[in-house]
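Heads up: the structure comes next, in structure tokens.
Note that this is a predicted model, so its numbers are computed, not measured. All heavy atoms count here, side chains included; hydrogens, waters and symmetry mates do not. Read the numbers this way: they start at 1 and go in the same order the structure lists the ligands and their atoms.
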Amino acid sequence: MQVVNHGISQSVMKGALEAASDFFALSKEAKGQFASDDIRRPVRYETGTKDGKARSFLKHYAHPLSDWIHLWPAEPPSYREKMGMFAIEARKLALQLMDAILESLGLGPAYLRKELEEGMQMLAVNGYPQFSQPDVMVGLFPHSDYGFITILLQSCNGLEVMDHDDKCWRAVPHQPEALHVHIGDHLEVLSNGEFKTLIHRAVLNPDNRRISIASIHGLSIDEKVSTAKELLDGQQPKRYEDSSFRDYLDYLHWKIKNQRSFIDSLKIGRA
Ligand code: OGA
Ligand code: NI
């Protein structure tokens with residue numbers, strides 16, 4: 001879904017996109033200090049055009065902010081402030097949305113409250129080149145996000161989501177005031193499949209370089225997410241194994257190319 005009137009001001013959203021864009025405009029050396037292909041690093045930059053995809057990204061943990069912000073880029077000078085403001089606001093919105101989602105599942109308002117308060121947030125700041133041949137190169141291959149929910153801000157068109165029913169790609173139109181929200185793997189697990197994780201991808205924009213900022217919200221790194229017991233009974237057996245964010249990182253780390261996705265690896269009783 002896309003949300004409007006979400007309480008995050010246009011200036012905070014614009015500021016975060018500017019900070020991202022200014023970061024990507026830095027020299028190779030400046031960005032290179034964050035470069036790593038170790039997915040377990042809390043701050044990590046990657047860039048490159050390979051295997052038909054072109055994307056640069058800076059991923060960094062964002063909650064609790066005081067644990068991580070000193071590891072974020074010090075250049076451009078306003079990066080920490082502008083991205084930090086967006087991180088705080090996006091997290092507030094995520095907690096509100098989680099309240100509504102948990103209520104819709106019939107789980108009380110206090111459900112997971114403490115764990116969510118202490119939960120983790122990761123920002124994926126993405127930069128994509130302008131490119132007009134979608135058959136030749138994409139931005140980001142189809143995947144689902146690991147957390148409960150993702151809030152995504154995009155500077156122009158490029159995000160596409162797979163329709164759960166007809167399995168066709170649908171473009172998520174860029175609306176400057178709106179934020180896109182989608183479900184991740186761990187909400188599918190928590191809800192025992194009532195909510196389904198969303199497969200999405202990014203295509204390259206034919207007219208513009210593109211920036212997107214994905215804010216991913218889950219439990220803290222070693223906290224296991226299990227299916228809510230309240231949703232289980234004789235007719236509704238537990239369908240997913242418990243797992244944590246660290247389990248996800250380990251899974252990705254060891255995953256052999258073309259093996260099944262993380263969410264598929266958690267499904268009980270299906271080979
Ligand atoms: C992501 C993601 C989509 C986009 O960072 O996980 O799905 O539009 N990004 O950049
Ligand atoms: Ni994603």
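Salt bridge annotation for Asp250-Arg40: present, with a cationic side-chain nitrogen under 4.0 angstrom from a carboxylate oxygen. A salt bridge between Lys114 and Glu117 is absent, with no side-chain N of the basic residue lying under 4.0 Å from a carboxylate O of the acidic one.
Shown are the protein N/O/S atoms under 2.8 Å from the Ni ion (ligand 2), given by residue and atom: His143 NE2, Asp145 OD1, His200 NE2.
Considering Phe23, Phe34, Phe57, Trp72 as possible partners of Tyr45, the one that fulfils the ring pair (Phe, Tyr, Trp, His ring centres under 6.0 Å) test is Phe23. Residue His63 forms a side chain to side chain donor-acceptor pair (under 3.5 Å) with just one option from Glu118, Arg91, His217, and that option is Arg91. Checked against Gln154 for a side chain to side chain donor-acceptor pair (under 3.5 Å), the options Gln175, Arg210, His180, His174 give a single hit: Arg210.
Using a heavy-atom distance under 4.0 Å as the criterion, the protein contacts of ligand 1 are Arg55, Ala124, Asn126, Tyr128, Leu140, His143, Asp145, Leu152, Leu159, His200, Ala202, Arg210, Ser212, Ala214.
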Next on the checklist: Show, in sequence, the C-alpha distance, side-chain angles and deciding distance for Ser212 and Asn126, and conclude whether the side-chain hydrogen bond (donor to acceptor under 3.5 Å, both in side chains) test is met.
Outcome noted: CA-CA 5 Å; Ser212 74; Asn126 302 296; 3.0 Å; yes
Item to check | side chain to side chain contact (heavy atoms under 4.5 Å, CB included) evaluation trace for Leu58 with Lys31 | outcome: CA-CA 9 Å; Leu58 180 68; Lys31 290 179 286 191; over 6 Å; no
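Using cut-offs of 30° and 60° on the angle between ring planes, the pair Tyr146 and His186 is perpendicular.
Remark: side-chain polar atoms of Lys53 are not paired, donor with acceptor, to backbone N or O of Lys50 under 3.5 angstrom.
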